[in-house]
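Take a look at the structure below.
From a predicted model like this one, the values you see are computed outputs, not experimental measurements. All ligand and atom numbering here is 1-based and tracks the order in the structure.
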Amino acid sequence: MTTEIDRSTIFAAGALEHFRAARRIEPRCMRRFRHMYLQRHRSFEESANELPERDRQAFLHRFQPHQPIVAAQSDSQLNGASKLALSTERGDVVESVLLRTPGTRTTLCVSSQVGCAARCEFCATGYLSPVKNLSTVDILNQADVARRIAHREGLRIRNLVFMGMGEPFHNESAVCDAMRLLQDPGWFAFGPRRTMVSTVGVPDAMVRWAVEFPKSPLALSLHSADQELREKLIPAAKRTSLVELREAMDEVVRLQDNAPIMIEYLMLRDVNDSLAQAAQLADYLDGLPALVNLIPYNPIAEAPHFQSTDRDGRERFGAALQERGFLVKIRFSLGADIDAACGQLAARTRE
Ligand code: SF4
């Protein structure tokens with residue numbers, strides 16, 4: 001079911017100007033504004049009305065709220081996933097996914113691009129063209145919209161992951177700018193350990209991430225420890241050897257105080273799921289503190305030749321890795337009925 005979101009609630013652009021504007025506006029007023037906007041979940045205009053008239057005019061003039069033209073929410077009938085479609089500053093449509101699981105583990109999966117130059121064979125986003133970077137505002141809008149939806153349901157988003165559309169390190173500066181405000185205690189206040197970026201592997205950017213965000217986990221979408229197969233699954237992998245990736249991972253782990261790095265491994269039947277390939281993966285990761293996530297393949301129209309490894313196959317593969325001392329999680333996907341599961345985001349709505 002798709003419903004339109006209340007457009008008047010959508011705003012994040014002001015956060016970007018906070019630091020400049022704050023120099024001209026009394027800290028006490030800014031605190032009041034932030035309290036209304038972030039803690040009380042008031043609209044931007046209502047929050048700005050809390051400022052004295054002189055400051056309010058300057059504030060409204062500088063902050064220029066961006067109103068997305070498209071704002072729609074599709075709710076899964078199977079589980080606690082909602083897909084949110086928002087228009088960007090340039091008028092494109094980008095999707096993010098709100099994942100509600102029992103307890104307090106509400107997670108938001110955000111996008112960094114429309115389309116993706118990594119062009120993974122199994123991912124709907126990789127077939128979109130042309131690829132466009134999102135602005136920092138576009139990224140923050142996703143968090144802002146989802147935060148308000150969760151608030152109305154009495155929930156709080158605990159985890160935010162860059163696992164939606166796009167390769168975050170192909171849009172590194174906007175993603176890092178957004179991350180600073182997402183983690184800023186005066187703004188979105190996400191805990192550093194609860195904000196994660198997932199990449200197909202851009203070694204220099206991975207190391208820069210670990211330098212700036214030493215507590216924020218990094219996930220590497222590996223999918224194969226065989227260079228040739230990996231390049232087939234992820235065409236962008238032609239630019240980076242597995243040796244370079246391993247060196248970058250070692251450096252990330254060192255910079256992040258030996259915290260485990262996440263390894264994402266999509267399980268494709270008869271492609272990368274044999275026990276020999278599990279042994280090859282274990283050899284490649286040997287000596288690295290790693291948590292390996294085994295992910296089911298979610299079908300997309302563009303790649304009908306792929307099938308997911310079944311649960312037994314995933315468990316056998318996982319057990320082989322555990323025997324070699326790795327932490328393993330067998331993942332499941334939410335939101336497949338609304339094309340919101342891993343690899344299915346392509347800014348289109350299922351009828
Ligand atoms: S899986 Fe991720 S990196 Fe690969 S094409 Fe899709 S969005 Fe890009």
Is [X] salt-bridged to [Y], going by a charged N under 4.0 Å from an acidic O?
X      : Y      : result
Asp250 : Arg246 : yes
Asp144 : Arg148 : yes
Lys238 : Glu231 : no
Asp273 : Arg316 : no

Item to complete: Let me know which of Leu134, Asn141, Val110, Leu345 forms a side chain to side chain contact (heavy atoms under 4.5 Å, CB included) with Val94.
Response: Leu134
Worksheet item: Relative to atom 6 (Fe) of ligand 1, how many protein N, O or S atoms have a separation of less than 2.8 Å?
Response: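 For atom 6 (Fe) of ligand 1, protein nitrogen, oxygen or sulfur atoms under 2.8 Å: 1.
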Worksheet item: Apart from Val161 itself, which Ile, Leu, Val, Met, Phe, Trp or Tyr residues share its cluster (side-chain heavy atoms under 4.5 Å, direct or through members)?
Response: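 Answer for Val161: Met163, Met196, Met262, Leu291, Leu327.
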Discussion item. So if I count the atoms of ligand 1 from 1 in the order they appear, which ones are less than 4.0 Å from some heavy atom of Gly164?
Written reply: 7 (S)
Discussion item. For Trp209 and Phe213, take the angle between the two ring planes, folded into 0 to 90°, and tell me which bin it lands in: parallel under 30, tilted 30 to 60, perpendicular over 60.
Written reply: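 Tilted.
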Worksheet item: Quick one: nearest non-hydrogen protein atom to atom 3 (S) of ligand 1, plus distance?
Response: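 That would be Val200 CG1, 3.4 Å.
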